[in-house]
Trainee: 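Below is the structure I would like to discuss, written out as structure tokens.
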Amino acid sequence: MLKIEGLFKQFGGFIAINDVSFELIEGEKHAIIGPNGAGKTTFFNLVTGHLLPDRGSVAFQGEDITGRPPHRIVKLGLARSFQRINIYPRMSVFENVQVALIARERQELRFFSLAAGLCGPETNELLELVGLDEEADELAGELAYGKQKQLELAIALAENPRVLLLDEPTAGMSPSETEEAIRLIREIADARGLTLLFTEHDMTVVFGIADRITVLHHGEIIASGAPEAVRSDPVVRQVYLGEEEAVNGAA
Amino acid sequence: MTGRMTRPVLAACLTVLVLLALVPLLESNYLIDLFNEIMIYALFALSLNVIIGYSGNVSFGHAAYFAIGGYTMAILLTTYEWSLLPAFAASVAFSFVASGVVAYFCTRLTDIYFAMLTLAFSMLVWGVAFKWRSMTGGDDGFVGVDVPAFIAERVPFYYFSLVVIATAVAVLWVICHSAFGRALLAVRENPVRAGFVGINTRLMRWWAFVVAGTFAGIAGSLFAMVHRGMYTESAFWPESATVLIMTLLGGMYSFFGPAIGAASLFLLERLTNEYTEYWPLVLGTILLAILMFLPEGLAGLAQAVRRQILRGR
Ligand SMILES: Nc1ncnc2c1ncn2[C@@H]1O[C@H](COP(=O)(O)OP(=O)(O)O)[C@@H](O)[C@H]1O
Ligand SMILES: [Mg+2]
């Protein structure tokens, strides 16, 4: 579905993504894990056109999309959410989702069709799906953090993507919010037949959703495979799980 | 800003429209001219707000399109003796094309670079008006515009102006509240996110600029007719600054805010000039007051007051 070859990106002299090759298979729920600064967000930014790679290629459904701007990549059915909240703060929750639908229906250059009634039912459906129907008229910027995260998800879903990239969908959430969010994401992905690629640093989240896990470390893939295999991989244990154990041990 | 036309807003619009229609009954040439001018500048400021309030960019050169509309109208009516409708259509079309060309370059940039480029282009337009003496009259101005006989008198022209401006404002309202207007707000609020839901942000900003330029051109062409002339001052940067201040004073987060700002500033200027010669000083103080205390302008202030009252109940 998504095929990445020899992706390379450096910032100044710092190599953030180092020759990463990767394939996402249709229908799978794939997690990319790695400690903070491993390059997960950068990897997403390269795949979705937010950043230009120095080398390497990205192909989506057999089509080379390297270097295309995000707004064209999204139209192919590849949507994403962001690790840091990325919504329209001064617009209502309803409008936040509605705009995504307007764009999907290619209505953004309709100068004379009033926005008020556009895509109403579908917007409400999406808000209900992520549990924001009661907040529809509130300003998005005034929502609680966890709810903004859900809004982020609704906006991405509004694109009706085939592949959904979620960058740390539960970052900053409380344990109960996290659990709820995982359940929701798994449900939605199954119901819509989505191919899911998500990054995470929280292990419980990963094992709760993923069919396959790729471990990124210092911009390089050090392991990839089924959750159990990755969990018991000695290199992974050393650089990632080991760190956690070390932290736990110290605590 | 983002909702539908609410009852109170609609009622207020109709009231203003009726009051404006009654102005000629006062039989004061001074007031007719004053209100005609206010209406023209209200449209001018509303047009600028498509760039500022809706697309989230600041233009320092919006007078250019006002002047282009005005000069085109003046020249076509007078030098080429076109009749009203074709001249008006051509002046609107030319404002559209000119702003389209400028927008092509400006929308490659954002923030201060965008603003500076709009300023540069407006200086260019001013330069052409200033230098191309044979066509524009240079710094003497283009004087003696031939206004068609049926609107040559003050009162008929006032009503013509009122109809054109009311129609233009209505169309602008629809555009700002359309699917386009909503997507444009998203671009203002968060261009990165807008890109990631599939909106071509540069194209949207291009259109915002062109809509703004076109409606400024309409305002300018009325200005040329009401004054029977067009002058280089209309293209000069202080004119761009004035309309920018009107927009900020009225409030950029409200559709009608800039019109309120235009009216307030105009009346204030007339009032100030009655008593002192220090209008620039007053203007500076107003600007300071907006920036320090009224970031959302008069419209924002009105909303805040209304919220307070509703809360108090
Ligand atoms: N735009 C940028 N400019 C410079 N350095 C960056 C930029 N984006 C990310 N980095 C650096 O690249 C590394 C990887 O960051 P990131 O992709 O955000 O990691 P992760 O998402 O895995 O925590 C970090 O060291 C970060 O400081
Ligand atoms: Mg990250």
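Chain identifiers are assigned alphabetically (A, B, ...) following the order of the sequence lines, protein sequences preceding nucleic acid strands; residue numbering begins at 1 within each chain. All values below come from the heavy atoms of this structure, side chains included, with hydrogens, waters and symmetry mates left out. The structure displayed is predicted, hence computed values, not measured ones.
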Trainee: Write down the atom of Leu109(A), the atom of Phe180(B), and the distance for their closest heavy-atom approach.
Mentor: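 Closest approach of Leu109(A) to Phe180(B), heavy atoms only: CD2-CD1, 4.1 Å.
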
Trainee: With heavy-atom distances below 4.5 Å as the criterion, would you say the side chains of Arg72(A) and Asn200(B) are in contact?
Mentor: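 No; the side chains remain at least 4.5 Å from each other.
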
Trainee: To the nearest 0.5 Å, what is the distance between CG (Leu114(A)) and CD1 (Ile175(B))?
Mentor: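 Answer rounded to 0.5 Å: 11.0 Å.
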
Trainee: Are there over 12 heavy-atom neighbours, none belonging to Phe111(A), within less than 6.0 Å of that residue's CZ?
Mentor: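 Yes, because the 6.0 Å sphere around CZ of Phe111(A) holds more than 12 heavy atoms from other groups.
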
Trainee: Flag yes if more than 12 heavy atoms outside Tyr113(B) fall under 6.0 Å of its OH atom; otherwise flag no.
Mentor: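 Check fails, neighbour count at 12 or below.
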
Trainee: If every non-hydrogen atom of Ala115(A) is compared with every non-hydrogen atom of Ser178(B), which pair is closest and at what distance?
Mentor: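 So the minimum-distance heavy-atom pair works out to CB-O, 3.5 Å.
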
Trainee: For the residue pair Phe82(A) and Phe196(B), does the interplanar ring angle fall in the parallel (under 30°), tilted (30 to 60°) or perpendicular (over 60°) class?
Mentor: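 It falls in the perpendicular class, over 60°.
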
Trainee: Got a second to check how far Met91(A)'s CE is from Asn190(B)'s CG, nearest 0.5 Å?
Mentor: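 The distance works out to 10.5 Å.
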
Trainee: Does Arg205(B) pair with Glu108(A) as a salt bridge, N-O distance under 4.0 Å?
Mentor: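 Answer for the salt bridge query: no.
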
Trainee: Who among Lys75(A), His50(A), Arg106(A), Glu105(A) has the most heavy-atom pairs with chain B under 4.5 Å?
Mentor: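 Ranked by contacts with chain B, first place is His50(A).
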
Trainee: What part of Leu184(B) lies closer than 4.5 angstrom to a heavy atom of chain A: side chain, backbone, both or neither?
Mentor: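 Interface part for Leu184(B): neither.
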
Trainee: Ala100(A) versus chain B, heavy atoms under 4.5 Å apart: side chain, backbone, both or neither?
Mentor: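 Backbone plus side chain of Ala100(A), per the 4.5 Å heavy-atom cut-off to chain B.
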
Trainee: If you compare all heavy atoms of Val74(A) against all heavy atoms of Val197(B), which two are closest, and at what distance to 0.1 Å?
Mentor: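 Closest heavy-atom pair between Val74(A) and Val197(B): CG1-C, 3.9 Å.
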
Trainee: Around atom CZ of Phe121(B), are there more than 12 heavy atoms from other residues, nucleotides or ligands closer than 6.0 Å?
Mentor: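 Yes, the 6.0 Å shell around CZ holds more than 12 heavy atoms from other groups.
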
Trainee: Check each atom of Ile102(A) against the heavy atoms of chain B and say whether the ones under 4.5 Å are side chain, backbone, both or neither.
Mentor: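 Contact with chain B is through the side chain of Ile102(A) alone.
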
Trainee: Does Arg193(B) qualify as a cation-pi partner of Tyr88(A), given the criterion of NZ or CZ under 6.0 Å from the six-membered ring centre and within 45 degrees of its axis?
Mentor: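 No - Arg193(B) does not lie over the ring of Tyr88(A) by the 6.0 Å and 45° rule.
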
Trainee: Once you round to the nearest 0.5 Å, how far does CD of Glu95(A) lie from CD of Glu189(B)?
Mentor: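 The CD atom of Glu95(A) sits 9.5 Å away from the CD atom of Glu189(B).
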
Trainee: Non-hydrogen atoms of chain B under 4.5 Å away: do they reach the side chain of Glu152(A), the backbone, both or neither?
Mentor: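 Contact with chain B involves both backbone and side-chain atoms of Glu152(A).
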
Trainee: Heavy-atom cut-off 4.5 Å, strictly under: side chain, backbone, both or neither for Ile87(A) against chain B?
Mentor: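 Only the backbone of Ile87(A) comes within 4.5 Å of chain B.
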
